Amino acid sequence: MSAHSKKAGKYDSLSTSSETSYDSGETMELTIVGAHALPKNRISFLKIKPKTYVTATVVGDSTKSRTKVARRSSAPQWEQPLLLRGDSSSIIRVEVVKAAGAFGGERVIGTFEMRYDELQKKQSSGFGDIVGHVTCNLDVPAHAHVSYDAQPTISLRMPPPVRRSKSRY
C-alpha cells in the first residue's frame, strides 16, 4: 500500500496507510485522537472554549503536519492521522494551537515532546480501556489560564512498526 501526500500551503494534509515503515527517513504515522482539559479563552469573563488544531513536527525538521480545526471545546476530538518523516528514534513535537478568532490571533496553548519509539512503548504498555492509544500531559505556557483541578492532556495513537524483509539483491 502507499501513502498519499497532498500539499496545502505550508502544512501537509496527508492520508495514511496501515503498512508504514519506520526505517531511517521513512514515513511515521501518528493519529491525533483528542485532548482534555484545555484552557479556556484568556478573557475570563467570556469563558469561551477555544477552537483548536494540532501540529506535529519531527524536531529538527521544518515540515509540519496539522489537523483540521475542531469545534469549540475544552476536550476536542480530531481522530485524524498525520504523517511525518523520520525514524523510530525521532523526537516528535506536538502543539495544540488556539485558532485565530475575533478576540486574537493564533497561539500555542499546549506542547508535548517525546521520541516516537517511546510513544509506541507507552501505548503498548497501556491497560484497561486505554489500550490502543497513549495520553500525555501537555506543557502549558504561562499565558494560558488552566483550571487547578485538571491537567491538560493529549491522546495519540501509533500503528505498530511494519518490519521490512531484507532484499536478496
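Starting from 1, each residue takes its place in the sequence as its number. Note that the structure is predicted; figures quoted are calculated from it, not measured.
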* Structure fact -> Here the gap from D117 atom CG to I92 atom CD1, rounded to the nearest 0.5 Å, amounts to 9.5 Å
* Do E79 and R157 have side chains that get closer than 4.5 Å, going by heavy atoms? -> yes
* Check whether any side-chain N or O of S155 sits under 3.5 Å from a backbone N or O of V33 as a donor-acceptor pair, and report yes or no. => no
* Asked: Taking it one step at a time, do L156 and I32 satisfy side-chain contact (heavy atoms from CB on, under 4.5 Å)?
  -> CA-CA 5 Å; L156 314 165; I32 308 299; 3.5 Å; yes
* To do: Of all the heavy-atom pairs spanning K98 and P50, show the shortest one and how long it is.
  => CG-CB, 4.1 Å
* To the nearest 0.5 Å, tell me how far I154 CD1 sits from E95 CD. => 10.5 Å
* Asked: To the nearest 0.5 Å, how far apart are CD in Q120 and CG in L30?
  -> 10.0 Å
* To do: Side-chain contact test, heavy atoms from C-beta onward, threshold under 4.5 Å: evaluate it for V58 versus M28 and give yes or no.
  => yes
* Do you know the tightest heavy-atom contact between V140 and P152? -> CG2-CG, 3.6 Å
* With the side chain counted from C-beta on, respond yes when T27 and R85 share a heavy-atom pair under 4.5 Å apart, and no when they do not. => yes
* Atom OG1 of T57 and atom CZ of R93: how far apart are they, to the nearest 0.5 Å? -> 8.0 Å
* Which heavy-atom pair separates K122 from C136 by the least distance, and what is that distance? -> NZ-SG, 4.0 Å
* **Spatial distance of atom CG (D87) from atom OH (Y116) [nearest 0.5 Å]** => 11.0 Å
* Given side chains that start at C-beta, do those of V108 and T55 come closer than 4.5 Å, heavy atoms only? -> no
* Over all heavy atoms of both residues, which pair between I91 and E113 is shortest? Give the atoms and the distance, please. => CG2-OE1, 4.0 Å
* Asked: Quick one: does L38's side chain get under 4.5 Å of P76's, heavy atoms only?
  -> yes
* To do: May I ask you to test the R115-S89 pair for a side-chain heavy-atom distance under 4.5 Å?
  => yes
* Interatomic spacing from OG1 in T135 to NE2 in H133 - rounded to 0.5 Å -> 3.5 Å
* Looking only at heavy atoms, which two atoms of A150 and A37 are closest? And how far apart? -> CB-CB, 3.6 Å
* W78 side chain near T52 side chain, heavy-atom distance below 4.5 Å -> yes
* Are the side chain of S65 and the backbone N or O of A56 linked by a donor-acceptor pair below 3.5 Å? -> no
* To do: Would you check if V134 and M158 make a side-chain contact, meaning some heavy-atom pair closer than 4.5 Å?
  => yes
